[in-house]
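Remarks on the structure that follows.
Computed from a predicted structure; not experimentally measured. Atoms within each ligand, like the ligands themselves, are counted from 1 in listed order.
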Amino acid sequence: MTCRAVVIGVGHYLPERVVPNSELESILDTTDEWIRARSGIEQRYFAAEGETTSSMAAAAAREALRSANLVGDDIDAIILATSTADLTFPSAATMVQSAINMTHGFSFDIQAVCAGFVYALSNANALIVSGQAQRILVIGSETFSKIIDPSDRSTYVLFGDGAGALILERQEGHGTSADRGILSVDLHSDGRLRDLLYVDGGVSTQTTGYLRMQGHQVFRHAIEKLADTAVNALTKAKLSSYDVDWIVPHQANIRIIQGTARKLDLPMDKVVVTVQDHGNTSAASIPLALSVGVSRGQIEQGHVLVAEAIGGGLAWGSVVLRW
Ligand code: UT7
């Protein structure tokens, strides 16, 4: 018998405030045309005053619980991927734990920037397969609007806020790629590339800082590394790109998404795309895309999905799962 971590619930949350490109034209030397052409982004959401990463994560978690017909105490672990936690500590995950009335188990945050949700899925899979947890809430939630520099047009137009959540449950499988659940994982990082994307502040410098990115350099790394990691994960799962129903990529730039699909020899109608509506929500972008993909009727039970992401570190990776 093989144990698998199978998705049994999904949900997301977006703040009320929509920020269209036209609003940014009035505060920065930019145009709607440039933002759409270079990134594919048409709008993003910004959290309201007082709305935090943990409050958005809790809203997404409640929706995932509702979709699975479960309550907080049916969950025994929470893993929250974020680079924008409410406080230095405790973790945003423990705040979600109390918000959903989960009175046992354990919870913690993971920080791998835009690759955070893929890292979180990998950790959740390991906990489930090793028998340390039966049901895990895996969340990505970010308030990047708080760390983008309003005077830097090259980054301010790209990012947004939001949260998405999945519930993974330990179920029996046959150990083949026909099983439902997480089939393989492939993770990487290369700290030599840390200056390409970072925040110039933090606890030990007593500042919050702003996101700094050499966008063009990150772009150069993205397509190749994303396609390579997706192929690695598919090979580990004994599948090929022809078995894939949906690529669910990190939503940073439509040109990266298209370039990666092309390298994998997959048409764009096999790619879940939300970047136009959400912008880049870092660790929240994949669970948001999964939840939207389900509500649009794209992702169905039994489909083979590849989730892939790259971000600050650089850190990147992918997960293959059968929904
Ligand atoms: O989520 C983590 C991973 N992050 C990513 O994957 C992001 C990767 N990078 C990208 O998506 C793209 O590199 C960007 C969208 C950030 C930029 O697109 P690009 O085609 O690489 O443009 P560029 O940075 O080479 O800039 C081209 C021009 C520059 O002007 P000059 O030097 O050619 O005169 C910029 O100053 O566009 C200018 N520019 C802008 N113009 C209008 C930069 N930002 C803006 C702006 N509006 N907002």
Side-chain angles (χ1 to χ4, degrees), residues 19-44 81-84 111-119 140-145 147-162 164 187-191 193-199 210-230 247-261 263 271 273-276 278-289 307-318:
V19 181
N21 291 347
S22 55
E23 191 176 322
L24 303 182
E25 287 179 327
S26 61
I27 56 168
L28 282 165
D29 178 17
T30 191
T31 59
D32 173 48
E33 193 190 354
W34 189 96
I35 301 168
R36 280 175 197 255
R38 297 295 178 120
S39 71
I41 298 166
E42 296 170 16
Q43 60 168 48
R44 74 287 292 138
T82 189
S83 301
T84 49
Q111 207 269 59
V113 206
C114 299
F117 195 75
V118 166
Y119 275 62
S141 182
E142 300 277 20
T143 42
F144 262 52
S145 64
I147 54 162
I148 42 178
D149 180 350
S151 67
D152 179 3
R153 69 175 182 172
S154 71
T155 53
Y156 196 78
V157 302
L158 302 175
F159 293 89
D161 301 336
L187 300 182
H188 303 270
S189 66
D190 185 345
L193 301 172
R194 62 179 226 179
D195 291 341
L196 300 188
L197 177 50
Y198 64 100
V199 171
Y210 281 128
L211 181 151
R212 305 295 174 203
M213 178 166 71
Q214 296 179 43
H216 203 67
Q217 295 302 320
V218 176
F219 192 99
R220 279 196 328 111
H221 284 280
I223 294 174
E224 196 179 319
K225 287 184 165 46
L226 289 171
D228 283 352
T229 183
I247 297 278
V248 187
H250 170 48
Q251 310 280 325
N253 185 316
I254 189 66
R255 293 182 296 141
I256 294 174
I257 294 171
Q258 289 164 338
T260 309
K263 263 202 133 201
V271 185
V273 181
T274 57
V275 67
Q276 68 283 0
H278 303 159
N280 183 343
T281 58
S282 191
S285 89
I286 286 176
L288 264 167
E308 33 92 338
I310 186 165
L314 295 181
W316 67 101
S318 59

Is there at least one protein heavy-atom neighbour under 4.0 Å from [atom]?
| atom | value |
| --- | --- |
| atom 12 (C) of ligand 1 | yes |
| atom 41 (N) of ligand 1 | yes |
| atom 32 (O) of ligand 1 | no |

So, for [X] and [Y], which heavy atoms are closest and what is the spacing to 0.1 Å?
| X | Y | value |
| --- | --- | --- |
| A309 | A115 | CB-CA, 3.9 Å |
| I223 | K263 | CG2-CD, 3.9 Å |
| T82 | Q111 | O-CG, 3.3 Å |
| V113 | S83 | CA-OG, 3.3 Å |
| Y156 | L24 | CE2-CD2, 3.8 Å |

- request: Could you tell me whether D149 and R212 have a side-chain N and a carboxylate O separated by less than 4.0 Å?
  value: yes
[X] versus ligand 1: do any nitrogen or oxygen atoms come within less than 3.5 Å of each other?
| X | result |
| --- | --- |
| N253 | yes |
| L197 | no |
| T31 | no |

Can you report which non-hydrogen protein atom sits closest to [atom], along with the distance?
| atom | answer |
| --- | --- |
| atom 38 (C) of ligand 1 | R153 NH2, 3.6 Å |
| atom 27 (C) of ligand 1 | R38 NH1, 3.5 Å |
| atom 39 (N) of ligand 1 | W34 CZ2, 3.4 Å |
| atom 6 (O) of ligand 1 | I256 CD1, 3.3 Å |
| atom 2 (C) of ligand 1 | C114 SG, 3.2 Å |
| atom 9 (N) of ligand 1 | G215 O, 3.0 Å |

- request: With rounding to the nearest 0.5 Å, note down the distance linking CD1 in I41 to CH2 in W34.
  value: 9.0 Å
Any donor-acceptor pair under 3.5 Å from [X] side chain to [Y] backbone:
| X | Y | result |
| --- | --- | --- |
| T260 | I256 | yes |
| D161 | S145 | yes |
| E308 | L226 | no |

Should you measure from each heavy atom of [X], which atoms of ligand 1 turn up under 4.0 Å away?
| X | result |
| --- | --- |
| L158 | 16 (C) |
| H216 | 13 (O), 19 (P), 21 (O), 25 (O) |
| M213 | 4 (N), 7 (C) |
| T30 | 42 (C), 46 (C), 47 (N), 48 (N) |
| R255 | 18 (O), 19 (P), 20 (O) |
| H250 | 1 (O), 2 (C) |
| V157 | 48 (N) |
| N280 | 1 (O), 2 (C) |

- prompt: side-chain hydrogen bond (donor to acceptor under 3.5 Å, both in side chains) between Q217 and R220: does it pass, once the steps are laid out?
  reply: CA-CA 5 Å; Q217 295 302 320; R220 279 196 328 111; 3.2 Å; yes
message: Please determine whether side-chain hydrogen bond (donor to acceptor under 3.5 Å, both in side chains) holds for the pair T84 and E142, giving the CA-CA distance in whole Å, both sets of side-chain angles, and the decisive distance to 0.1 Å.
response: CA-CA 6 Å; T84 49; E142 300 277 20; 2.6 Å; yes
